[in-house]
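Note that the structure is predicted; figures quoted are calculated from it, not measured. The chains referred to below are lettered A, B, ... by the order of the sequence lines, with proteins before strands, and numbering in each begins at 1.
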There are 2 protein chains.
Amino acid sequence: MFSNSTKYAIRTIEYLLHNNSDEKKSVVKLAAELDIPQPYLSKIMQQLSKGDIISSSKGRGGGFYLSDENMKRPLIDIVVCIEGYNVFDKCILGLKECSDKNPCLLHKYYGVFKASLVKPINQDSIKELFKLPN
Amino acid sequence: MFSNSTKYAIRTIEYLLHNNSDEKKSVVKLAAELDIPQPYLSKIMQQLSKGDIISSSKGRGGGFYLSDENMKRPLIDIVVCIEGYNVFDKCILGLKECSDKNPCLLHKYYGVFKASLVKPINQDSIKELFKLPN
DNA sequence: TTTAATTAGGATATAAATATCCGATTATCT
DNA sequence: AGATAATCGGATATTTATATCCTAATTAAA
């Protein structure tokens, strides 16, 4: 479903939200806290930063953080930033054409799942989504 | 979620079930019908055959088919045969520990999805599962 | 008995994802 | 000003998944 890169991205952003002090978080710290390979996470953070998903400041005392604007985005934006497309648009069995009219074997089950994700993933802001453990 | 290999495997077995005549199906035919790279599919069929998921006969007029026993298996067996484990046992966000007590962000939604898959994927035989378009 | 059509299996090639390394730049602290 | 701590960006390395190739073994048909 999600690539490792996307999983890392989501977990890191969750961490940033839950530890949203004034202090910016360096990749070294984030990688250690979240048990993610440090140079690899570095690349992911760069990509998220360029995609305006997270904010950064360079230099001593710098690091990554979430601006108020960043927090307004829905989770799907993170996925698209890393994967390059919305993974949920693809057929779970890899059919090029998969629809209600021409469904794959698991289409109806997957459809229900995706429908359940619309609010948390496509509509809610990550700030809302990550508010309470769920 | 599923690797390409597993997707190919599932689609091919679906085809075998829906075209279950006396005639065995060669990899050449299957690959052409299903638009899958032929030598790659060949490897996958070998693996499924060794795993007792499908049956084969060698030599001229030979090919792959499903025995009555093969048809009694649930779909999850195909997944495990190719992936080496049950992909649904893994956390969708890659957490090493992910449970009701210690859930990832998407745990509850994914849990509902997986629950909906128990009957079609873990309990029903593929013969039942593939009976009607759904 | 020869030929053709198939699976089986080992070796290899290619592509993509994952991961690392290093120098440049930037900002802060001393 | 100099040292330090950070991101940025390009290049490269490693690993895994995907894909191909070739030969052997098997079976059936000509």
- Message: According to side-chain hydrogen bond (donor to acceptor under 3.5 Å, both in side chains), who are the partners of A/Ser116, at least two apart in sequence or on a separate chain?
- Response: none
- Message: Can you measure B/Ile44 atom CD1 to D/dT18 atom P for me and round it to whole angstrom units?
- Response: 8 Å
- salt bridge (Lys or Arg N to Asp or Glu O under 4.0 Å): which pairs involve residues 35-46 of chain A, sequence neighbours left out? A/Asp35-B/Lys96
- Partner of A/Met71 under side-chain contact (heavy atoms from CB on, under 4.5 Å), picked from A/Leu66, A/Ile13, A/Leu16, is A/Leu66
- Query: Heavy atoms under 4.0 Å, any strand shown: does A/Pro37 hit a base, just sugar-phosphate, or nothing?
  - Reply: sugar-phosphate
- Please assess B/Leu41 against B/Leu30 for the test side chain to side chain contact (heavy atoms under 4.5 Å, CB included), listing each intermediate value before the final yes or no. CA-CA 8 Å; B/Leu41 183 58; B/Leu30 291 168; 3.9 Å; yes
- Rounding to a whole Å, what distance do you find between A/Glu23:CD and D/dA5:C1'? 13 Å
- Please list, by residue number, the residues of residues 7-15 of chain B whose heavy atoms come closer than 4.0 Å to an atom of DNA chain C; answer none if no residue qualifies. none
Are there any protein N/O atoms within less than 3.5 Å of an N/O atom in nucleotides 10-15 of chain D, and if so, which ones and at what distance?
unit_1, atom_1, unit_2, atom_2, d
D/dG10, N7, A/Lys43, NZ, 3.0
D/dG10, O6, A/Lys43, NZ, 2.5

- Item | For DNA chain D, the residues among residues 24-31 of chain A that have a non-hydrogen atom under 4.0 Å from it | A/Lys25, A/Ser26, A/Val27
- Task: For the pair B/Phe113 and B/Phe88, name the ring-plane relationship: parallel under 30°, tilted 30 to 60°, perpendicular over 60°.
- Result: perpendicular
- Task: For residues B/Ile126 and B/Leu17, determine if any side-chain heavy atom of one lies less than 4.5 Å from a side-chain heavy atom of the other.
- Result: yes
- Task: State, with a plain yes or no, whether a side-chain heavy atom of B/Glu128 is found less than 4.5 Å away from one of B/Ser125.
- Result: yes
- Item | Between D/dC21 (P) and B/Leu41 (CG): distance, integer Å | 15 Å
- Item | Residues forming a side-chain hydrogen bond (donor to acceptor under 3.5 Å, both in side chains) with B/Asp22, sequence neighbours excluded | none
- Message: Please report the distance, rounded to the nearest Å, between OH in B/Tyr40 and P in D/dC21.
- Response: 16 Å
- Considering only heavy atoms, which members of residues 80-88 of chain A lie under 4.0 Å from some atom of DNA chain D? none
- Task: Please identify each residue that fulfils ring-ring contact (aromatic ring centres under 6.0 Å, His included) with A/Phe64, with sequence neighbours left out.
- Result: none
- Using a 4.0 Å heavy-atom cut-off across all strands, classify A/Ser49 as base, sugar-phosphate, or nothing. sugar-phosphate
- Query: Within the distance-only criterion (no hydrogens, no angle test), does the side chain of A/Lys25 pair as donor or acceptor with the backbone N or O of A/Glu23 below 3.5 angstrom?
  - Reply: yes
- Task: Could you check if a side-chain atom of A/Leu106 sits within less than 4.5 angstrom of a side-chain atom of B/Ile10, using non-hydrogen atoms only?
- Result: no
- According to the ring pair (Phe, Tyr, Trp, His ring centres under 6.0 Å) rule, which pairs have a member within residues 22-47 of chain B, sequence neighbours left out? B/Tyr8-B/Tyr40
- Outermost DNA chain C nucleotides near chain B [under 4.0 Å, heavy atoms]: C/dA4 to C/dA11
- Query: Is a side-chain donor or acceptor of B/Glu83 paired with a backbone partner of B/Ser3 at a separation under 3.5 angstrom?
  - Reply: yes
- Is any side-chain heavy atom of A/Ser57 less than 4.5 Å from a side-chain heavy atom of A/Lys24? yes
- Query: Taking A/Asn70 for the side chain and A/Ser67 for the main chain, is one N or O donor matched with an acceptor at less than 3.5 Å?
  - Reply: yes
- Note on the structure: residues 66-79 of chain B vs salt bridge (Lys or Arg N to Asp or Glu O under 4.0 Å), sequence neighbours excluded, gives B/Glu69-B/Lys72, B/Arg73-B/Asp77
- Less than 4.5 Å apart, any side-chain heavy atom of A/Val87 and any of A/Tyr85? yes
- When you measure from the side chain of B/Gln47 to the backbone N and O of B/Cys81, does any donor-acceptor pair fall under 3.5 Å? yes
- Item | Near-strand residues of residues 56-67 of chain A, defined as heavy-atom separation under 4.0 angstrom from DNA chain D | A/Ser56, A/Ser57, A/Lys58, A/Gly59, A/Arg60, A/Gly62, A/Gly63, A/Phe64
